[in-house]
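Step one of this worksheet: look at the structure below.
Proteins come first, then strands; the chains are lettered A, B, ... in the order of their sequence lines, and each starts at number 1.
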Amino acid sequence: MEADRIIITLPDGSQRDYTAGTTGLEIASSIAPSLAKAAIAIEIDGELRDLSRPVDKSAAINLITRTDDKALEMIRHDAAHVMAQAVQELFPGTQVTIGPVIENGFYYDFARNAPFSTDDLAAIEKKMRQIIEQGAPFERDVWERDQAIAYFKDKGEYFKAELVEDLPESETITIYRQGDWLDLCRGPHMPSTKHVGQAFKLMKVAGAYWRGDSSKAMLTRIYGTAWRNDQELKEYLTMLEEAEKRDHRKLGREMDLFHFQEEAQGSVFWHPNGFVIYNELESYIRRRLRDEGYKEVKTPQLIDNKLWEKSGHWGKFRENMFVVPDEVPSTDDDKPVISGEGRLMAIKPMNCPAHVQIFNQGIKSYRDLPLRMAEFGCCHRNEAHGALHGLMRVRQMTQDDAHIFCREDQILDEVKKFVALFYAVYKDFGFEDISIMLATRPAQRAGDDAVWDRAEKAMADALDKLELPYEIAEGEGAFYGPKYEFHLRDAIGRSWQCGTCQLDFVLPERLGAAYIGEDGNRHTPVMIHRAVFGSLERFAGILIESYAGKLPLWIAPVQCVVATITSDADEYAQALYQKLFDLGLRVEIDTRNEKINYKVREHSLAKVPVMFVVGKREAEEQSVAIRRLGSNGQEIKSADEAIESLAQSCKAPY
RNA sequence: GCUGCUGUAGCUCAGUGGUAGAGCGCACCCUUGGUAAGGGUGAGGCCGGGAGUUCAAUCCUCCCCAGCAGCACCA
């Protein structure tokens with residue numbers, strides 16, 4: 001074969017030969033003119049490239065068209081470039097920084113003296129539509145590093161210059177032009193701005209730190225969403241609207257579950273309805289833990305900071321701790337309330353040091369291990385104001401916390417047991433879509449590398465043995481050990497860490513925990529910090545959103561409402577109510593002077609799962625018309641049967 | 001904590017430089033109605049807090065506080 005010929009393998013396995021240097025577009029045209037028109041990029045041996053770039057060696061290729069999933073990313077990426085151009089044309093002097101593709105869209109961070117307002121979005125969007133309409137081709141250039149730096153500095157684009165400076169020496173510096181505008185970019189891009197299409201929308205503006213570092217400049221970020229066609233865009237926007245409706249903060253108000261108020265920001269006022277959910281969660285997990293060999297304890301809320309100094313929290317976690325002086329406040333108006341001379345106590349932000357105190361009472365033998373200590377510990381953390389978010393991020397929270405004290409050779413077994421428990425629990429709540437991160441050693445850490453090697457391996461092995469997929473979060477582990485993070489998504493697509501499992505080689509040592517080994521010597525146990533729900537508050541929030549308020553019977557705040565059609569049935573309804581109540585069900589009675597339509601509507605909106613509707617007929621026949629939330633029909637049963645089957649279906653899954 | 005936006009009745013929201021309005025909810029009356037809104041009447045507001053401008057501020061300005069979105073941080 002001649003040296004300048006190349007063999008191109010198509011996805012269907014067929015092969016064609018071309019002159020080396022033929023562009024992707026030319027290959028597409030040679031296959032079919034329609035393909036040349038539809039293609040937006042080419043994949044060469046799995047690597048996405050511009051259609052205009054020459055192919056210089058034999059390869060397997062795949063021509064990407066708009067219907068391809070990869071097209072979506074390119075549309076968004078190109079949209080980000082178009083947005084940056086639009087912004088710079090409308091607001092001269094604005095510096096561009098970075099603009100990546102994200103889930104459902106893209107953003108671009110700008111540096112500008114005056115921030116953008118939501119009103120600017122309309123103008124920017126309009127400009128974008130013009131740029132797209134003009135359809136300038138995306139053109140790729142390779143620049144010399146110094147040339148690029150000089151160019152950007154000269155243009156006053158200092159952030160871009162910094163980006164170029166920080167690129168590794170080996171990196172080819174590429175520039176993409178669209179008409180008169182250009183940006184530093186790795187590519188690839190679609191053939192022209194026109195390919196972005198018009199199915200996009202700018203969503204919001206927000207601040208974001210340069211390079212994600214809170215000590216660096218605050219930039220203005222503009223978020224946008226972009227799709228292949230209007231239909232997809234519309235579906236996405238509708239999805240967002242639906243998601244908003246199940247926001248737990250909104251449902252919490254509507255269903256009278258809880259509230260927050262200024263005087264206790266970030267701390268929940270649980271109403272009777274909401275506290276049912278909380279209590280059901282707690283007693284459910286308590287039953288689980290009991291059967292898994294955990295022993296429950298209760299430890300102090302207020303502990304002298306000397307202990308926190310010893311545990312290391314004072315050093316590492318102080319900015320998140322509430323401190324309380326152990327001092328009688330002054331009643332003298334002329335003096336400050338607190339002199340500051342009393343010793344300092346801290347409200348516990350975590351339970352672990354207290355659990356070690358219990359472990360340390362008496363002498364422990366290796367025979368006592370593993371020792372599993374659980375506590376529904378109420379912890380306070382002084383979270384940054386901006387971090388607070390309904391039940392998901394609070395300042396006072398209760399964890400289903402436990403610490404397992406064990407030997408290093410017991411880690412694998414304990415971790416496996418925990419993960420199995422974790423999955424059993426989540427299954428009971430209908431959560432299947434859980435993402436697991438294995439967070440590995442951070443740059444700043446305690447313990448030597450050999451210990452970390454073993455710990456990380458044990459944690460990876462446990463997941464492998466259970467055949468669970470996970471991602472590695474490099475360097476995200478705690479300073480004292482690696483950890484699993486179990487994430488669930490909320491209604492709006494935000495991901496929240498719920499369960500966790502962390503190995504700790506440091507705290508037991510710092511607090512002097514020890515056991516007598518088989519060899520008669522003292523050894524330091526390993527500690528595993530673990531929580532299934534994470535915090536009861538957050539888990540309740542996730543549950544509410546996941547079920548859109550329509551909680552399973554066993555957790556529903558009100559399981560059944562007995563509603564009358566006419567006052568003739570009041571007495572009968574009262575008797576039904578009493579029977580259900582005596583069975584321990586959460587039942588309410590509605591004998592109000594309202595029409596049944598009204599009652600049905602009201603209790604349906606309140607998301608009561610079951611209604612027992614009774615009128616004159618039911619009273620005479622000793623029957624019940626059962627109406628279930630979400631179904632339009634009704635089911636007639638004898639009173640005894642209805643009560644029995646309701647009681648059955650209200651049972652917790654464990 | 002940072003950037004931006006918001007704060008009017010229990011809830012959702014109008015509104016104006018001359019101290020306020022709707023719908024829902026709530027209370028009372030009429031209505032006893034068969035599975036998602038029967039009718040009438042009425043009570044509810046220090047217009048987030050403080051200062052300033054003004055004859056006059058819920059509205060304009062500034063400062064606080066809180067909420068929301070994002071960032072950073074995290075269960």
Side-chain angles (χ1 to χ4, degrees), chain A residues 107 109 112 114-120 203-223 247 249-250 253-254 256 259-266 317 319-320 349-350 379 381-394 397-401 476 478 483 485-488 492 494 496-500 502 529-539 541-542 563-570 591-606 611 613-618 625-635:
Chain A
Y107 68 76
D109 286 347
R112 181 173 174 243
F116 297 105
S117 77
T118 340
D119 300 336
D120 298 326
M203 305 296 284
K204 53 195 169 193
V205 292
Y209 296 110
W210 169 234
R211 300 198 145 175
D213 184 338
S214 58
S215 67
K216 295 202 161 82
M218 175 62 72
L219 308 171
T220 298
R221 175 173 297 181
I222 301 180
Y223 283 93
D247 188 312
R249 292 165 299 183
K250 186 175 152 69
R253 231 188 340 264
E254 288 171 2
D256 195 17
H259 85 269
F260 291 90
Q261 67 186 49
E262 281 192 30
E263 291 84 348
Q265 48 174 298
F317 206 69
E319 68 275 23
N320 282 302
M350 295 183 193
C379 296
R381 296 183 189 173
N382 197 346
E383 301 287 352
H385 291 76
L388 301 175
H389 181 92
L391 293 178
M392 304 301 198
R393 192 77 179 272
V394 290
M397 60 163 167
T398 306
Q399 296 173 302
D400 61 321
D401 198 14
E476 296 284 307
K483 60 179 182 181
E485 295 177 0
F486 299 91
H487 292 263
L488 285 178
I492 324 171
R494 284 183 280 221
W496 295 96
Q497 184 185 327
C498 291
T500 184
Q502 321 182 347
H529 308 240
R530 35 74 30 196
V532 180
F533 290 149
S535 81
L536 293 178
E537 288 81 2
R538 178 178 291 180
F539 197 79
I542 293 271
T564 52
I565 294 169
T566 69
S567 50
D568 292 337
D570 283 4
T591 54
R592 287 175 308 167
N593 177 15
E594 295 292 351
K595 289 196 173 175
I596 193 60
N597 283 328
Y598 184 87
K599 293 184 185 180
V600 166
R601 176 182 154 82
E602 196 179 80
H603 296 123
S604 298
L605 288 175
M611 284 182 73
V613 179
V614 294
K616 208 170 168 185
R617 199 188 311 149
E618 286 77 12
I626 304 166
R627 189 193 163 95
R628 286 174 210 285
L629 184 60
S631 76
N632 291 320
Q634 43 180 314
E635 191 187 345

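- Within the nucleic acid shown, A:E319 has no heavy atom closer than 4.0 Å to any nucleic acid atom.
- Note on A:Q265: only backbone sugar-phosphate atoms sit closer than 4.0 angstrom, heavy atoms only; bases stay farther off.
- For the pair A:K204 and A:Y223, the cation sits on the ring face: its NZ or CZ lies under 6.0 Å from the ring centre, inside 45° of the axis.
- Taking atom C1' in both B:rC24 and B:rC62, one finds a spacing of 38 Å when rounded to whole Å.
- When distances run from any side-chain atom of A:S214 to the nucleotides B:rG34, B:rC73, B:rA72, the shortest one goes to B:rA72.
- Rounded to whole angstrom, the span from the CH2 atom of A:W210 across to the C1' atom of B:rG70 amounts to 18 Å.
- Taking the nucleotide of RNA chain B with the nearest heavy atom to each of A:G534 and A:G390, the more 5' of the two is matched to A:G390.
- Considering all non-hydrogen atoms of both residues, A:K599 and A:A563 come closest at CD-CB, 4.1 Å.
- We find that CG of A:L605 is positioned 14 Å from C1' of B:rU35, with the value rounded to whole Å.
- Distance CG/A:L488 to CD/A:Q497: 10.5 Å, rounded to 0.5 Å.
- Rounded to whole Å, the separation between the C1' atoms of B:rC64 and B:rU6 comes to 16 Å.
- Residue-level contact check: A:D213 touches neither bases nor backbone, having no heavy atom under 4.0 Å from any strand.
- The separation of B:rU61 from B:rU53, taken at their C1' atoms, amounts to 7 Å, rounded to a whole angstrom.
- Counting atom types as modelled, A:S535 pairs a side-chain N or O with a base atom of B:rA75 as donor and acceptor under 3.5 Å.
- Salt-bridge formation is not detected for the pair A:K250/A:D247: no Lys NZ or Arg NE/NH1/NH2 atom is positioned less than 4.0 Å from an Asp or Glu carboxylate oxygen.
- Contact of A:S567 with B:rU32 (side chain to base): a donor-acceptor pair of N or O atoms is detected under 3.5 Å.
- Going from the P atom of B:rU16 to that of B:rA72 covers 39 Å, rounded to whole Å.
- Residue contacts for A:E537: at a heavy-atom cut-off of 4.0 Å it reaches no nucleic acid atom on any strand shown.
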Verdict with reasoning, A:V394 to A:E383, per side chain to side chain contact (heavy atoms under 4.5 Å, CB included): CA-CA 7 Å; A:V394 290; A:E383 301 287 352; over 6 Å; no
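- Close to B:rA69, at under 4.0 Å from its OP1 or OP2, lies a side-chain N or O of A:H389.
- For B:rG39, the glycosidic angle deviates from 0 by more than 90°, giving an anti base.
- Scanning atom types as modelled, no donor and acceptor separated by under 3.5 angstrom connect the side chain of A:E254 and the base of B:rG25.
- Residue contacts shown for A:R538 include a base, since a base heavy atom lies under 4.0 Å away.
- Taking atom C1' on both B:rG18 and B:rG44, the two are 24 Å apart, rounded to the nearest angstrom.
- Among the protein residues, A:G386 comes within range of the nucleic acid bases, having at least one heavy atom under 4.0 Å from a base atom.
- Scanning atom types as modelled, no donor and acceptor separated by under 3.5 angstrom connect the side chain of A:R211 and the base of B:rA72.
- Counting heavy atoms from C-beta outward, A:E319 and A:N382 have side chains that stay 4.5 Å or more apart.
- Taking the C1' atom of each, B:rA66 and B:rU8 are spaced 16 Å apart, rounded to whole Å.
- When every heavy atom of A:P349 is checked against every heavy atom of A:C379, the shortest pair comes out as O-CB, 3.4 Å.
- As judged by a 4.0 angstrom heavy-atom cut-off over every strand, A:R253 is placed among residues touching the sugar-phosphate backbone only.
- Within 4.0 Å of A:A384, counting heavy atoms only, lies at least one base atom of the nucleic acid.
- Within 4.0 Å of A:K599, counting heavy atoms only, lies no atom of the nucleic acid at all.
- Straight-line distance from the NZ atom of A:K595 to the C1' atom of B:rU35: 13 Å, rounded to whole Å.
- In terms of polar N and O atoms assigned as donor or acceptor, the side chain of A:R393 comes within less than 3.5 Å of the base of B:rC73 in a complementary pairing.
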Residues A:M350, A:Q399; criterion side chain to side chain contact (heavy atoms under 4.5 Å, CB included); working and verdict: CA-CA 9 Å; A:M350 295 183 193; A:Q399 296 173 302; 5.5 Å; no
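- Between B:rG21 and B:rC29, the two C1' atoms lie 26 Å apart (nearest whole Å).
- The distance from the CD1 atom of A:I222 to the CZ atom of A:F116 is 4.5 Å, given to the nearest 0.5 Å.
- Residue contacts for A:Y223: at a heavy-atom cut-off of 4.0 Å it reaches the sugar-phosphate backbone alone, with no base atom in range.
- Distance check: A:T564 OG1 to A:E594 CD gives 10.5 Å after rounding to the nearest 0.5 Å.
- Residues A:R538 and A:M397 form no side-chain contact, since every pair of their non-hydrogen atoms from C-beta on lies 4.5 Å or further apart.
- Rounded to whole Å, the separation between the P atoms of B:rG42 and B:rG4 comes to 48 Å.
- Spacing between atom CG of A:D120 and atom P of B:rC5 amounts to 11 Å, rounded to whole angstrom units.
- Counting non-hydrogen atoms under 4.0 angstrom, A:Y598 reaches the backbone sugars and phosphates but no base.
- Closest-nucleotide positions on RNA chain B for A:L391 and A:F116 were compared, and the one nearer the 5' end corresponds to A:F116.
- Residue A:E263 places no side-chain atom within donor-acceptor reach of the base of B:rA66, judged by atom type and a 3.5 Å distance cut-off alone.
- Nucleic acid contact for A:L219: none, since no nucleic acid atom lies under 4.0 Å from a heavy atom of the residue.
- The separation between A:H259 atom NE2 and B:rG67 atom P is 12 Å, rounded to whole Å.
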Bracket string, RNA chain B, 5' to 3' - pairs by Watson-Crick or G-U geometry under 3.5 Å, | interstrand: (((((((..((((....[..)))).(((((.......))))).....(((((..]....))))))))))))....
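- Regarding contacts with the backbone of B:rA36, a side-chain N or O of A:R627 is found under 4.0 angstrom from either OP1 or OP2.
- Residue A:A563 is out of contact with every strand shown, counting any heavy-atom pair closer than 4.0 Å.
- Listed nucleotides: B:rG70, B:rA75, B:rC73. Nearest to the side chain of A:Q497: B:rA75.
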